[in-house]
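Here the structure is laid out as structure tokens; the discussion comes afterwards.
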Amino acid sequence: MSITANLAEVRARIAAAAARAGRDPSSIALMAVSKTFPAERIREAYTAGQRIFGENRVQEFAEKAPQLADLNGANFHLIGHLQSNKSAKAVEIFHAVDSVDSLKLAERLNAAAEKLGKLLPILLEVNIGGEEQKAGLAPDSDELDSLLEAAPSLTSLKIRGLMTIPPHTDDPEGARSYFRCLRELRAEIAAHHHASVEMTELSMGMSHDFEVAVEEGSTCVRLGTAIFGQRG
Ligand SMILES: *Cc1c(COP(=O)(O)O)cnc(C)c1O
């Protein structure tokens, strides 16, 4: 299957899942996760109309970015764990960071964005399943509270919502309760009306479970395999 055909198919599946949940399909963004794939494949997806891309490593994207500089309107998001010492580079090459998982990282990104005169959109990554090996803020943690309270001083960041990778289950239905938890957490945070915190985005759903995520309120599904095929 070509990237063009894959994109058409996943867009149709998103629309069908949205319809089942009584949602407007245009309220769900499609991110093409291009990690490990070369710049030519990203260009191919762009030509097929794709505009939002996700990459999980600063170094990998720094190498591809120069070959993609002419793709007007393409938006590249960092979705992988970021070490705070790579913050400046990340702010330089990405349009958004969807994987902010500590106050320290948020402060570093804020300083780097301020220096470059940018307003950086970010999402807070939540470790919704409480898995030891996974990055992300614990839902009920002091760290998450401190980050939300610090938001007014992080003037070069725009906190737009939450992101999660739920524990893996072979059956996509297994992810449903985690997606629901993230949605509820978003509502809880929004109800606190933290100054300068916007809680409009819920980035959740990957190739094997995105339809369930759409049914549970996802505003951005992140698809790699379903668009580009198996990673090598
Ligand atoms: C790789 C990755 C994806 C895409 O995974 P697929 O299963 O290939 O769709 C989505 N989100 C994050 C954070 C990833 O690292």
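It should be emphasised that the depicted structure is a prediction, and the values quoted were computed from it without experimental measurement. Atoms within a ligand are numbered from 1 in the order they appear, just like the ligands themselves.
Side-chain atoms of Gln67 and Lys64 form no donor-acceptor pair, as typed in the model, at a separation below 3.5 Å.
For atom 11 (N) of ligand 1, the closest non-hydrogen atom on the protein side is Arg222 NE, 2.9 Å. Here the protein heavy atom with the shortest distance to atom 2 (C) of ligand 1 is Lys35 NZ, 2.6 Å. Summary of contacts: the protein heavy atom closest to atom 9 (O) of ligand 1 is Ser207 OG, 2.5 Å. Considering only non-hydrogen protein atoms, atom 8 (O) of ligand 1 sits nearest to Thr225 OG1, 2.5 Å.
The closest non-hydrogen atom to atom 3 (C) of ligand 1, taken over His77, Arg231, Met206, Arg57, comes from Met206. In this structure, of Val10, Ile79, Asp98, Ile227, the residue bringing a heavy atom nearest to atom 12 (C) of ligand 1 is Ile79.
The shortest non-hydrogen separation linking Ala106 to Leu154 is CB-CD1, 4.1 Å. Looking at every heavy atom in both residues, Phe179 comes nearest to Val212 through CD1-CG1, 4.0 Å.
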Exercise for the section: Verify side-chain contact (heavy atoms from CB on, under 4.5 Å) between Glu215 and Arg176, making sure each step is shown before the conclusion. Expected result: CA-CA 9 Å; Glu215 289 169 10; Arg176 188 179 294 278; 2.7 Å; yes
Practice task
For the pair Phe94 and Phe76, evaluate ring-ring contact (aromatic ring centres under 6.0 Å, His included) and give the outcome as yes or no after the intermediate values.
Solution key: CA-CA 5 Å; Phe94 289 103; Phe76 294 92; 7.7 Å; no
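Near Ile165, the atoms of ligand 1 lying under 4.0 angstrom from a non-hydrogen atom of the residue are 13 (C). Residue-ligand proximity, Gly224 to ligand 1, at heavy-atom distances under 4.0 Å covers atoms 4 (C), 6 (P), 8 (O), 9 (O). Of all atoms in ligand 1, numbered sequentially from 1 with element shown, those under 4.0 Å from a heavy atom of Leu223 are 9 (O).
Phe37 does not carry Arg231 over the face of its six-membered ring by the limits of under 6.0 Å from the centre and within 45° of the normal.
In this structure, Met31 has no heavy atom closer than 4.0 Å to ligand 1.
Of the possible donor and acceptor atoms, one in the side chain of Ser207 sits under 3.5 Å from a partner among the backbone N and O of Ala226.
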